[in-house]
Amino acid sequence: MNPANDKNYRERVYEIVRKIPPGRVMTYGQLAEILGEGYTPRTVGYVMHGADTENVPWQRVINSQGGCSTAKMTMPVNLQQGILESEGVVFNEKGKCALVTYLWFPEGYEPEEDQQPSLLE
DNA sequence: AACTTGACGAGGG
DNA sequence: CCCCTCGCCAAGT
C-alpha cells in the first residue's frame, strides 16, 4: 500500500488502538509489527502524535521499555502516565510499568508461550 | 529534489 | 544500567 496518499494510513493505527481495554497498553513496535509493511515503530509514533485525543485512547500506547515517550513533552508532570495510573497501571520510580502484566494483544496476535515479554520489576 | 526530524527499537560496548 | 549507532519511514522545510 502506498502510505503517502493513503488517508487510512493513520486510521489503520487508530483502529487497533481504540480496541485496547482500559488499564492495558500496547507498544509502538507491537503495532508496527501487526500493521506490517510500511509501518515501523517510528512512524506509529508519528501517527500517534497526531491522534485525535477525543476519539483515541492515545495514552495506552507506550514504548517497549514500559515507559511513556511523552515524558519530556509533558514535563514537569507526565500527563500520560497520570491517566494510565488512574486506569490502574502501576509505574515504578523510574516511570516504567510491567509489560508482562499490562501488555495487551489483539485477537489473533497473542504471543507464543516462549516469547512472552520478560520485562521489569 | 535533498535534508532533517521524530510519542521507536534492537544490538553492541 | 547507561549511552551510542543505525535502520526505519512519514512529514515538514
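In this text, all values refer to a predicted model and were calculated from it rather than measured experimentally. Reminder, nothing fancy here: chain letters follow the sequence lines and each chain counts from 1.
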Query raised in the report: Excluding sequence neighbours, so at least two apart, what forms side-chain contact (heavy atoms from CB on, under 4.5 Å) with A:P106?
Result: A:I16, A:M26, A:I34, A:W104, A:Y109
Query raised in the report: A:E93 has an atom CD; how far is it from atom P of C:dC1, in whole Å?
Result: 11 Å
Query raised in the report: Using a cut-off of 4.0 Å between protein heavy atoms and nucleotide atoms, how would you tag nucleotides 3-9 of chain B 5' to 3' with B, S and -?
Result: ---BBBS
Query raised in the report: Under the side-chain contact (heavy atoms from CB on, under 4.5 Å) test, which residues partner A:R42, sequence neighbours left out?
Result: A:T40
Report summary line: Per nearest nucleotide of DNA chain C, the residue lying toward the 5' end, A:K94 or A:T40, is A:K94
Report summary line: Those residues at least two apart in sequence (or on a different chain) that pass side-chain contact (heavy atoms from CB on, under 4.5 Å) with A:E33 are none
Distance-only criterion, 3.5 Å: show the donor-acceptor pairs between side-chain atoms of residues 46-57 of chain A and protein atoms not counting sequence neighbours.
unit_1 : atom_1 : unit_2 : atom_2 : d
A:D52  : OD1    : A:E54  : N      : 3.0
A:D52  : OD2    : A:N55  : ND2    : 2.3

Report summary line: The side-chain contact (heavy atoms from CB on, under 4.5 Å) partners of A:N63 (sequence neighbours excluded) come to A:Y28, A:Q65, A:S69
Query raised in the report: Between A:Y39 (OH) and C:dA10 (C1'), how many Å, whole number?
Result: 11 Å
